[in-house]
Amino acid sequence: LNHKVAISHLQSAIKFKPEDPNAYIDLVKVLADSKSLKAALNLCEESLEKFKENKELRILQASLLIRFAKYELALPI
């Protein structure tokens, strides 16, 4: 998987259809998979401001927080 190409395509998808949470979710996953964990967590948290009730984004946020050893922040999620 070429992460740079995937990231570029997903960023374009977000610009084209910013109301669709799926592109945000996929971009968070690709960023995390490419070891850009801080960028993934930042995007995830920004996305949650827009899609507050999205369960998949919440799970991704908790997973990323755990990877940063921020267990106390991840547990309530």
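We use all heavy atoms of the structure for the numbers below, so side chains are in, but hydrogens, waters and symmetry mates are not.
- When all heavy atoms of Ala6 and Val30 are compared, the pair lying nearest together is CB-CG1, 4.1 Å.
- Clustering ILVMFWY residues whenever any of their side-chain heavy atoms sit less than 4.5 angstrom apart, transitively, puts Leu65 in the very cluster that holds Leu37.
- In this structure, CG in Leu57 is found 4.5 Å from CD1 in Ile25, a value given to the nearest 0.5 Å.
- Residues forming a salt bridge (charged side-chain N to carboxylate O under 4.0 Å, His left out) with Glu46 (at least two apart in sequence, or on another chain): none.
- When atom types are taken as modelled, the side chain of Ser12 and the backbone of Ser8 share a donor-acceptor pair closer than 3.5 angstrom.
- Here the shortest heavy-atom pairing between Lys50 and Glu19 reads NZ-N, 4.3 Å.
- Between Leu48 and Asn54, the shortest heavy-atom contact is CD2-O, 4.1 Å.
- For the pair Ala23 and Ala13, the tightest heavy-atom approach, listed with the atom from each and the gap, is CB-CB, 4.1 Å.
- Applying the side chain to side chain contact (heavy atoms under 4.5 Å, CB included) rule to Ser36 yields the partners Leu31, Ser34, Ala39; only residues at least two apart in sequence or on another chain are considered.
- Here the closest heavy-atom approach between residue Ala40 and residue Ala32 is recorded as CB-N, 3.7 Å.
- Under a hydrophobic-cluster definition in which Ile, Leu, Val, Met, Phe, Trp and Tyr are linked whenever side-chain heavy atoms come within less than 4.5 Å, directly or via other members, Leu73 and Leu64 are assigned to the same cluster.
- Counting heavy atoms of neighbouring residues, nucleotides and ligands inside a 6.0 Å radius, atom CD of Glu53 does not exceed 12 of them.
- From Gln61, atom CD reaches atom NZ of Lys70 across 11.0 Å, with rounding to the nearest 0.5 Å.
- Within the structure, every pair that satisfies the ring pair (Phe, Tyr, Trp, His ring centres under 6.0 Å) test and touches residues 18-71, not counting sequence neighbours, is listed here: Tyr24-Phe51.
- Closest approach of Arg58 and Lys52 over heavy atoms only: NH2-O, 3.2 Å.
- Side-chain atoms of Lys17 never come within 3.5 Å of backbone atoms of Ile14 as a donor-acceptor pair (strictly under, hydrogens ignored).
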